[in-house]
Amino acid sequence: MAGQFWKPGSAKPRLIDDEDGGVLFYSTTPSSSSSYVNLEKERQRLPVYKYREAILYLVETHSTSIIVGETGSGKTTQIPQYLKEAGWADGGRVIACTQPRRLAVQSVAARVAEEMGVTLGEEVGYTIRFEDVTNPDLTRIKFLTDGVLLREMMDDPLLSKYSVIMVDEAHERSLATDILLGLLKKIQRRRPELRLIIASATIEAKSMAEFFHIRKRRPQLEGEDHGPQTEPAILSVEGRAFNVQIFYIEEPVSDYLRATVSTVMSIHNKESMGDILVFLTGQDDIDAAVQLITDEAQNSGKSSLGMIVLPLYSGLTRADQDLIFSPSPRGKRKVVISTNIAETSLTLEGIVYVVDSGFSKQRFYNPITDIENLVVAPISKASARQRAGRAGRVRPGKCYRLYTEDYFVNEMSAHGIPEMQRSNLASSVIQLKALGIDNILGFDWPSSPSPEAMVRALEVLYSLGVLDDDAKLTSPVGFQVAEIPLDPMVSKMIIASDQLGCSEEIITVSAILSVQSIWISVKGQKELDEAKMRFAAAEGDHVTFLNVYKGFLQSNRSSKWCHQNSINYHAMKKVIEVRQQLRRVAQRLGLALKSCENDMQALRKAVTAGFFANACRLEPYSHNGTYKTLRGSQEVYIHPSSVLFRVNPKWVIYNSLVSTDRQYMRNVISIDPSWLREAAPHFYQQQPLNLNRH
DNA sequence: GAGCACTGC
């Protein structure tokens, strides 16, 4: 039995069984009949101490507590306050609470500060990249992204200033969360007084409890009363969300776009007022659906008056995204067609109906080819529940699933595949190495990545000269690469730029490569292409980026200038921020900040030093621009968005691959093949490169 | 002449 049972005084928590039995859960809510409970209201009638005391008892007596509760259970905002009141922040200690997203960190911190009546940045503070709103002398409750906490471990591996660490949204299983959980488990062995709280929305508490269950080496000590229990406690708290009625489609549909359109029309014609949120997979689907629904509404006459159809995905301009949040005019129904950005990242108020296609785009990584792919794939039950929950925030809602109940019950997987098992692991491995985890293959992950992916990551790091023959971090390069908060290949490029005397330029390029895209289509595709040509450089996209950056500075960072040149102003502002951070890190690592002025050969050599593994050669006599990768002889093409499209230099290096019907190289630069052996003699020495051919 | 789910340091 994984759970612990406890009766807090006169209050009697309800005991409920897990779906698959065996695990005991506490519930602090009194009613067993209603499917939702409004905690805010309940607090007025019920003694608040029930929830509070249950939490405090568990944290006092258990090394790890797992709290399961949906939206509105108060776990995110209440628990840190309870801990502080109970003295867990006394004596200069700090309570840390992580979130996977920056926006969530900011808003939760602001809410807690407000509830406690304190100034944000004093007793309650937060840290995210580029923003540290804490005061080391005053801050007792600190909210931060999981990634920032990982970075903090590089200076303080045992996280010694924290008395309690709460990891929120653990069910999302982000890369940083999984690494953090593995490391926290290790820390706990060294720091038995440290308390962990794992907060999660779904009921998958059992495997998490199993992961954190530290079995004592000497069983005879088990009975003695030394310290907290090492078997995790599980507490389930019901949330405040309203009931959402679920509807399934009777027969499977082949065309979910058509099914979406007819479902939206039927909700609009038959159901009472309330906004509709539709989950589709990507920009293409969404734009098509917006068009179809708009057409349909116009054809059917009267209904066109009552509907505002809006797309939602991250590629939209800021102004278009803001439309989503403006209140719909009186008597109009808003229909938002969205990617899964609306599943977790953005919360829309006023949604009463959800239409769930059952699909989303997901990233998969193939360690054999070393290629990351974006594919449309079925979502998990956990995602389906999360999507449905978006309909129950303001009042009872309805969710229409475009798949059968039989499919949901019998075929849909319970949980998505953790990001750890779908990603290139080079960054994760180097972070663990920097924290002194030597045996990477034996690391205790919440869910282990494939051995192939681990081996591939070690190979890449070895070829970059970041790991030595014993798979230990090299000095100084390995440690420097680990310190730079970027992909190891980009970090290596920055370090190489020091000796080549072009660090200023390479840092600019790195910053631009780390934002989604600096181009934006404000007027049309033709204008975008023309704008690109104004900055285009014969060497390739990296040098083109430098030209854009120079122009932006010369315009005095003008948003008007960006608009005129089809450049995303918000992306450029982020570039400036990233660039400043990278310069600070470079200085700390003892790299010289130097400009190569117009010596673009130095810049291209630096790119080669980081990305030599992505070198490609144009096929001899190729008429359609076919390239082959040097490493795997994969057939690849220059992406039409590149300034080198149709230019087709003989030798190129790409920054990333996009896989559709073909493999497209994005962000391409031309090189001289002789630089490859210079940059990576060990990597290319055994391969019959035939550099002089062609 | 085609495409970018979403995060994060």
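Proteins get letters first, then strands, A, B, ... in listed order; numbering begins at 1 in each.
Within the structure, every side-chain polar atom (N or O) of A:S641 is placed at least 4.0 Å from both OP1 and OP2 of B:dC4. At B:dC4, none of the side-chain N or O atoms of A:S517 fall inside 4.0 Å of OP1 or OP2 (strictly under the cut-off).
In this structure, the nucleotide among B:dT7, B:dC6, B:dG1 sitting nearest to the side chain of A:R101 is B:dT7. The side chain of A:S314 has B:dT7 as its nearest neighbour among B:dC9, B:dC4, B:dT7. Listed nucleotides: B:dC9, B:dA2, B:dA5. Nearest to the side chain of A:D529: B:dA2. The side chain of A:K361 has B:dA5 as its nearest neighbour among B:dA5, B:dC4, B:dA2. Counting only heavy atoms from C-beta on, A:H639 has its side chain closest to B:dA2 among B:dA5, B:dG1, B:dA2.
Residue A:Q516 is in base contact, counting any heavy-atom pair closer than 4.0 Å across all strands shown. Counting non-hydrogen atoms under 4.0 angstrom, A:S360 reaches nothing in the nucleic acid. Contact annotation for A:Q362: no contact, since no heavy-atom pair falls under 4.0 Å across all strands. Base contact: A:L486 has a heavy atom under 4.0 Å from a base atom. Nucleic acid contact for A:I341: sugar-phosphate only, since backbone atoms but no base atoms lie under 4.0 Å from a heavy atom of the residue. Contact annotation for A:T145: backbone-only contact, meaning every heavy-atom pair under 4.0 Å involves sugar-phosphate atoms and none involves a base.
Mapped onto DNA chain B by nearest heavy atom, A:R102 and A:T281 fall at different nucleotides, with A:T281 at the one closer to the 5' end. Of the two residues near DNA chain B, A:V658 and A:R151, the one whose nearest nucleotide lies more 5' is A:V658.
Rounding to the nearest 0.5 Å gives a distance of 4.5 Å between CG of A:L312 and CD1 of A:I324.
Note: A:Y664 and A:Y637 have tilted aromatic rings, judged against thresholds of 30 and 60 degrees for the angle between ring planes.
Judged purely by distance below 3.5 Å, without hydrogens or angles, the side chains of A:N565 and A:R534 pair a donor atom with an acceptor atom. For A:S423 and A:R363, the side-chain atoms include at least one donor-acceptor pair closer than 3.5 Å.
Remark: side-chain polar atoms of A:R390 are paired, donor with acceptor, to backbone N or O of A:A342 under 3.5 angstrom.
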